[in-house]
Trainee: 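Quick one: structure below, then a few questions.
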Amino acid sequence: MSYEFSRYICNQVEKESEIEVIRYGIEVTMKAIIKIASLITVGIILDNIDTLGVTCLSFILLRLASGGFHFNSYMNCYFFSIISLAILSKMAEFISSFDWNWSIVLIIINILACTILFIFKPLINANRPYSKRGTSYLIVSLVILILSIGFSLTIKKLCLEYSIAIQLSILFQSMMLIRIKTKGNVRNEIFRRNI
């Protein structure tokens, strides 16, 4: 479908040489729309669209700055993302009913995420702009973590499940930086860790 759209656009503007670039842009946009529509549908089915939205936003903000593990296929990524974010949002709703000292719990979760980030560093795709500025990605990631804990503690009394959702998604994204060495692992060729 993306190929047909890109071919039509290239014919209209008379730039056949740009068909692959336009096709890629259309494909990325279509996949993003499908993922967003799926998340909204899952949020409506689970009756937690607001918490799922907070979970997704927190995850995406840190993901953009820190990079992380990528699946080899879009379908694996799609299902893993949808299921993981849905579970995290429902988990936040469920555990918010427990009577814990949430300030300490949220701080511990954030410290754990910071520790993982320091140990494994951002994992940035080599094709991404400024991929060699690993220290900058680390600093931005740490700023996001610090702002997230400040925001979580601030809104904790107003909406505890949002605070928990923010910190769980931050921790989950940090865990996507953990590298497991396996035989034939080619991830080091695709990603850079220039810190």
Side-chain angles (χ1 to χ4, degrees), residues 32 35-71 76-124 133-181 187 191 193 195:
K35 201 175 273 190
I36 291 167
S38 299
L39 284 166
I40 290 170
T41 303
V42 168
I44 291 169
I45 291 168
L46 296 177
D47 192 29
N48 75 337
I49 197 162
D50 53 342
T51 308
L52 182 58
V54 169
T55 304
C56 292
L57 185 60
S58 306
F59 177 82
I60 290 166
L61 283 175
L62 185 57
R63 180 84 173 171
L64 289 172
S66 65
F69 175 80
H70 285 276
F71 282 97
N76 289 342
C77 174
Y78 171 81
F79 286 114
F80 182 78
S81 300
I82 302 292
I83 292 168
S84 300
L85 293 170
I87 289 170
L88 288 171
S89 67
K90 287 310 272 185
M91 218 164 105
E93 279 184 355
F94 175 72
I95 64 176
S96 67
S97 62
F98 293 109
D99 187 24
W100 294 340
N101 184 338
W102 281 107
S103 294
I104 292 174
V105 172
L106 293 171
I107 290 169
I108 289 170
I109 292 171
N110 195 268
I111 289 171
L112 185 57
C114 283
T115 303
I116 293 169
L117 183 65
F118 266 118
I119 292 171
F120 292 99
K121 311 284 191 273
L123 186 62
I124 306 300
R133 295 185 184 172
T135 304
S136 300
Y137 284 110
L138 177 61
I139 291 168
V140 171
S141 298
L142 289 172
V143 168
I144 290 170
L145 287 173
I146 291 165
L147 291 175
S148 77
I149 190 61
F151 186 71
S152 293
L153 293 173
T154 303
I155 66 165
K156 173 176 65 79
K157 288 185 179 175
L158 185 64
C159 193
L160 179 60
E161 70 186 56
Y162 291 177
S163 297
I164 297 167
I166 291 168
Q167 292 310 307
L168 287 179
S169 59
I170 292 287
L171 177 61
F172 181 70
Q173 168 50 29
S174 297
M175 292 169 66
M176 295 293 102
L177 301 175
I178 296 173
R179 295 152 184 80
I180 300 171
K181 292 188 178 185
R187 289 177 64 215
F191 295 94
R193 183 178 42 152
I195 304 217

Trainee: Is the F69 to F71 ring centre distance short of 6.0 Å?
Mentor: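 Ring-ring flag for F69/F71: true, centres closer than 6.0 Å.
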Trainee: Can you find a pair of side-chain heavy atoms, one from W102 and one from I164, that are under 4.5 Å apart?
Mentor: yes
Trainee: Tell me the closest heavy-atom pair linking C56 and L39, and the distance in Å.
Mentor: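 Distance-wise, the nearest heavy atoms are SG-CD1, 3.7 Å.
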Trainee: For D50, what residues pass the side chain to side chain contact (heavy atoms under 4.5 Å, CB included) criterion, not counting sequence neighbours?
Mentor: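 In terms of side chain to side chain contact (heavy atoms under 4.5 Å, CB included), with neighbours along the sequence ignored, D50 is linked to Y162.
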Trainee: Using 0.5 Å steps for rounding, measure from the CD1 atom of I144 to the CG atom of L62.
Mentor: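 The distance works out to 5.5 Å.
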Trainee: What's the separation between atom CG in L117 and atom OH in Y137, rounded to the nearest 0.5 Å?
Mentor: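 L117 atom CG to Y137 atom OH measures 14.0 Å (nearest 0.5 Å).
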Trainee: Say you draw a straight line from OG of S81 to CD1 of I60; how long is it, rounded to the nearest 0.5 Å?
Mentor: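 Atom-to-atom, S81:OG and I60:CD1 are 9.0 Å apart.
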Trainee: Who are the side chain to side chain contact (heavy atoms under 4.5 Å, CB included) partners of I44, not counting sequence neighbours?
Mentor: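 Scan of I44 (side chain to side chain contact (heavy atoms under 4.5 Å, CB included), adjacent residues dropped) gives I40, I49.
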Trainee: So, taking the atom named OG1 in T135 and the one named CD1 in I139, what distance separates them when rounded to the nearest 0.5 Å?
Mentor: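 Spacing of OG1 (T135) from CD1 (I139) equals 6.5 Å.
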Trainee: Rounded to the nearest 0.5 Å, what separates atom CD1 in I116 from atom CD1 in I111?
Mentor: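 Nearest 0.5 Å value for the CD1-CD1 distance: 12.5 Å.
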Trainee: Taking only residues two or more places apart in sequence or in another chain, which ones pass side chain to side chain contact (heavy atoms under 4.5 Å, CB included) with S84?
Mentor: F80, F172
Trainee: For residues 86-95, please give each side-chain donor-acceptor pair under 3.5 Å, one per line with the distance, not counting sequence neighbours.
Mentor:
from: S89; atom 1: OG; to: N48; atom 2: ND2; distance (Å): 2.8
from: S89; atom 1: OG; to: L85; atom 2: O; distance (Å): 3.4
from: S89; atom 1: OG; to: A86; atom 2: O; distance (Å): 2.8
from: K90; atom 1: NZ; to: L46; atom 2: O; distance (Å): 3.3
from: K90; atom 1: NZ; to: E93; atom 2: OE1; distance (Å): 3.0

Trainee: Hey, could you give me the OG/CG distance between S174 and L145, rounded to the nearest 0.5 Å?
Mentor: 5.5 Å
Trainee: If only atom types and distance count, is the side chain of W100 paired as donor or acceptor with the main-chain N or O of S96 below 3.5 Å?
Mentor: no
Trainee: Might you point out which heavy atoms bring L177 and L123 nearest each other, and give the distance in Å?
Mentor: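 The answer is CD2-N, 3.9 Å.
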Trainee: Nearest heavy-atom pair of R179 and P122: which atoms, and what distance?
Mentor: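 Scanning both residues completely, I find the closest heavy atoms to be NH2-O, 3.7 Å.
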Trainee: Mind checking what makes side chain to side chain contact (heavy atoms under 4.5 Å, CB included) contact with S38, not counting sequence neighbours?
Mentor: I34, Y78, I82
Trainee: Please collect all side chain to side chain donor-acceptor pair (under 3.5 Å) contacts where either partner lies in residues 141-161, sequence neighbours excluded, each pair once.
Mentor: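 Only T51-E161, S103-K156, N110-S148, S148-Q167, S152-Q167 qualify under side chain to side chain donor-acceptor pair (under 3.5 Å).
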Trainee: Compare every heavy atom of A65 with every heavy atom of V140, then report the nearest pair and how far apart it is.
Mentor: CG1-CB, 3.7 Å
Trainee: Heavy atoms, side chains only, cut-off 4.5 Å: are L168 and T55 in contact?
Mentor: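 Not in contact.
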Trainee: Of K121, Q173, M176, which meets side-chain contact (heavy atoms from CB on, under 4.5 Å) against S66?
Mentor: Q173
Trainee: Taking the side chain as everything from C-beta on, heavy atoms only, tell me whether I170 gets closer than 4.5 Å to F59.
Mentor: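 Side chain of I170 against side chain of F59, heavy atoms only: no contact under 4.5 Å found.
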